[in-house]
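Working notes, structure below.
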Amino acid sequence: MTQVFFYHGASDKIAAACALIGGAWAKRKPMLVYAPDKPVADSIDRLLWTRDQLSFVPHCRADAPHADETPILIADRLDKVAQTERLMNLSREIPAAYERIQSLIEVVGQDEDERLAARERVRFYKEQGCEVRYFDLNDR
């Protein structure tokens, strides 16, 4: 059963997502980052390259030639990606085939529309029997 982790209240959703990705990589945990909006995917990619000079986070787009060898993948589609351990959802939708993922990480900003969409996803995950845990990022 998929475990769902909601990190909510982020003042900067992209920075919070990159911090979580960096934390996962520090523990050598692979992650698939679902970012169907090109500006969001571009921002994640750029910030992972520039966020801290001393902490390299190996990442690439899921369709890159070396994606099979890269632990952090940024994807705009989920239909051709084999990673099933950890998925970060940066969309407002339920990710396709989420149930095959062990850990689903949702990052939610402070925008009211985004929060409402996140509440709908929480309701859906709970109805499907998923364990949902919450982490407040308002103070970060």
Side-chain angles (χ1 to χ4, degrees):
M1 181 60 60
T2 302
Q3 289 186 311
V4 183
F5 302 90
F6 267 86
Y7 291 85
H8 61 89
S11 60
D12 183 337
K13 180 178 176 175
I14 301 300
C18 286
L20 291 166
I21 294 165
W25 174 242
K27 297 174 185 171
R28 299 304 187 250
K29 294 181 178 180
M31 185 178 298
L32 175 60
V33 180
Y34 178 52
D37 293 334
K38 186 173 179 1
V40 172
D42 291 345
S43 295
I44 291 289
D45 187 23
R46 187 173 36 259
L47 191 55
L48 285 175
W49 280 112
T50 61
R51 68 182 209 97
D52 186 356
Q53 292 178 337
L54 299 177
S55 64
F56 175 67
V57 177
H59 70 283
C60 70
R61 301 296 174 114
D63 58 358
H66 52 284
D68 292 347
E69 305 163 12
T70 307
I72 309 297
L73 298 177
I74 302 168
D76 60 356
R77 297 174 37 189
L78 296 175
D79 56 344
K80 294 184 180 181
V81 183
Q83 212 275 55
T84 60
E85 186 177 339
R86 193 170 292 97
L87 171 68
M88 177 179 285
N89 182 25
L90 296 178
S91 78
R92 292 185 182 191
E93 306 296 324
I94 305 289
Y98 79 91
E99 62 278 353
R100 68 184 170 98
I101 304 295
Q102 293 173 24
S103 296
L104 175 59
I105 299 148
E106 296 266 359
V107 181
V108 182
Q110 296 177 349
D111 175 73
E112 189 60 27
D113 288 340
E114 187 175 345
R115 291 174 52 185
L116 290 172
R119 287 184 188 126
E120 290 298 318
R121 291 193 309 277
V122 166
R123 191 172 299 118
F124 174 82
Y125 295 135
K126 285 184 173 182
E127 287 172 357
Q128 300 305 307
C130 296
E131 176 187 347
V132 180
R133 297 174 67 191
Y134 307 93
F135 301 90
D136 189 349
L137 299 176
N138 277 307
D139 298 330
R140 298 179 192 172

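FYI, the numbering just counts along the sequence from 1. In what follows, every heavy atom counts, from backbone to side chain, and hydrogens, waters and symmetry copies are set aside.
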**Prompt:** What pairs meet the side chain to side chain donor-acceptor pair (under 3.5 Å) rule with one or both residues in residues 21-35, with sequence neighbours excluded?
**Reply:** none
Please report the interatomic distance [atom1]([X]) to [atom2]([Y]), rounded to the nearest 0.5 Å.
X	Y	atom1	atom2	answer
Leu32	Arg86	CG	CZ	11.0 Å
Tyr125	Glu99	OH	CD	10.0 Å
Ile21	Ile74	CD1	CD1	6.5 Å
Leu104	Arg121	CG	CZ	8.5 Å

If you look only at distance, which donor and acceptor atoms sit under 3.5 Å apart when one is on a side chain in residues 56-66 and the other is two or more places apart or in another chain?
residue: His59; atom: ND1; partner: Val57; partner atom: O; Å: 2.8
residue: His59; atom: NE2; partner: Asp45; partner atom: O; Å: 3.3
residue: His59; atom: NE2; partner: Asp45; partner atom: OD1; Å: 2.6
residue: His59; atom: NE2; partner: Trp49; partner atom: NE1; Å: 3.2
residue: Arg61; atom: NH2; partner: Asp42; partner atom: OD1; Å: 2.5

**Prompt:** Is there side-chain contact between Leu87 and Thr2, with at least one heavy-atom pair below 4.5 Å?
**Reply:** no
**Chi angles and distances behind the side chain to side chain contact (heavy atoms under 4.5 Å, CB included) call for Met1, Cys130** = CA-CA 6 Å; Met1 181 60 60; Cys130 296; 4.0 Å; yes
Can you name the nearest heavy-atom pair linking [X] to [Y], along with the distance?
X	Y	result
Pro30	Glu85	CG-OE1, 3.6 Å
Ala41	Ala35	CB-O, 3.8 Å
Gly9	Asn138	O-OD1, 3.3 Å
Leu137	Ala16	CD1-CB, 3.9 Å
Ala67	Leu73	O-CD2, 3.6 Å
Ala15	Leu47	CA-CD2, 3.7 Å

Apply side-chain hydrogen bond (donor to acceptor under 3.5 Å, both in side chains) to [X] and list each qualifying residue two or more places apart in sequence or on a separate chain.
X	result
Gln102	none
Glu120	Arg123
Arg119	none
Gln128	none

**Item:** side chain to side chain contact (heavy atoms under 4.5 Å, CB included) involving Tyr134 - partner list, sequence neighbours excluded
**Value:** Phe6, His8, Val122, Lys126, Val132
Let me have the donor-acceptor pairs involving side chains of residues 89-98, under 3.5 Å, with sequence neighbours excluded, atom names and distances please.
residue: Asn89; atom: OD1; partner: Ser91; partner atom: N; Å: 3.0
residue: Asn89; atom: OD1; partner: Ser91; partner atom: OG; Å: 2.8
residue: Asn89; atom: ND2; partner: Glu93; partner atom: O; Å: 2.9
residue: Asn89; atom: ND2; partner: Glu106; partner atom: OE1; Å: 3.2
residue: Asn89; atom: ND2; partner: Glu106; partner atom: OE2; Å: 3.1
residue: Ser91; atom: OG; partner: Glu93; partner atom: N; Å: 3.2
residue: Ser91; atom: OG; partner: Glu93; partner atom: O; Å: 3.3
residue: Arg92; atom: NH2; partner: Asp111; partner atom: OD2; Å: 3.3

**Prompt:** Can you name the salt bridge (Lys or Arg N to Asp or Glu O under 4.0 Å) partners of Glu114, sequence neighbours left out?
**Reply:** Lys13
